[in-house]
Amino acid sequence: MVEKVYITYNDVHKLCQESAPRILNEFKPNLMIAIGGGGYVPARILRSFLKRPGSPNIPIQAIGLSLYESLGSDAVEEPGTKVTRTQWLDLSSLEMANLIGKNVLIVDEVDDTRQTLDFAVRELQRDVEEATKLRGREGEKTVFSIFVLHNKDKQKKGKLPKEVEEKYYLAARTTGDVWICYPWEATDIDEHDRLAQSQGV
Ligand SMILES: O=P(O)(O)OC[C@H]1O[C@H](OP(=O)(O)OP(=O)(O)O)[C@H](O)[C@@H]1O
Ligand SMILES: Nc1nc2[nH]cnc2c(=O)[nH]1
């Protein structure tokens, strides 16, 4: 059976906190796109640590992508074969125009097979490129960066654009190929926290 690793809300908070200075210095985001559902909580926590006095909060937009489904009864999910959009930005609206020329930080909780991030980056790049041309704003460069709490060190099925992988990717932690249990998925948070504590990590 796959090893499970339990992560508490405190762990998530601290991983965001310790990553914020690098994100500010290296990615300088003006906007976050959270991949739901796992990216929502980290994005919100991160926003507090990215806030600089005198500047407004960095806005968070949301997209929904789904690859995994629960097959068995032990809460470990199996990857599907196809990433599907369950929620996307409205291409015709200000939402998309808002991205043009910005530094956009994509936030998710875990990079496992990398198929979700591969899909998110490429589809966003394509849509922004289209919106940029449509509005005659080719002079403005949109830069995508990625933050995840955990990256699993394993053979990836998805591939990120070279520039993103080399310069614009940050994982707070690199793990083995374990199953990570996040607190927002817990149905009994006290038991979850006990399990996290008994791991002693
Ligand atoms: O690197 P990958 O193998 O693509 O896996 C990572 C993705 O899997 C999970 O999403 P899921 O499809 O389970 O949706 P959820 O966040 O709504 O649970 C997780 O939130 C990531 O988005
Ligand atoms: N909760 C959770 N979701 C995932 N999606 C892909 N890998 C994982 C994982 O390890 N934990």
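No hydrogens, no waters, no symmetry mates; every other heavy atom, side chains included, goes into these values. Order of appearance sets the numbers: ligands from 1, and atoms from 1 within every ligand. In this text the structure is predicted, and so the values were computed from the model without any measurement.
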Any pair counted as side chain to side chain donor-acceptor pair (under 3.5 Å), so long as it reaches residues 42-52, sequence neighbours left out: R44-S48

Full working for salt bridge (Lys or Arg N to Asp or Glu O under 4.0 Å) between E26 and K167: CA-CA 9 Å; E26 295 175 26; K167 281 174 62 185; over 6 Å; no

Hphob cluster co-occupancy, V104 + Y40, side-chain heavy atoms under 4.5 angstrom: no

First-shell residues of ligand 2 [heavy atom, distance under 4.0 Å]: Y68, V110, D112, K152, V178, W179, I180, Y182, E185

Could you list which atoms of ligand 1 come closer than 4.0 Å to a heavy atom of [X]?
X    : result
D108 : 20 (O), 21 (C), 22 (O)
S66  : 12 (O)
V110 : 6 (C), 19 (C), 21 (C)
G38  : 16 (O)

Salt bridge (Lys or Arg N to Asp or Glu O under 4.0 Å) against E185, all qualifying residues, sequence neighbours excluded: none

Lys/Arg cation over aromatic F144: R126, 6.0 Å, 45° cone: no

Geometric class of the F119/W88 ring pair [parallel <30°, tilted 30-60°, perpendicular >60°]: perpendicular

Side chain to side chain donor-acceptor pair (under 3.5 Å) against E130, all qualifying residues, sequence neighbours excluded: none

N or O pair under 3.5 Å between L67 and ligand 1: yes

Reported CG-to-CD distance for the pair D118 and E165, which is rounded to 0.5 angstrom: 10.5 Å

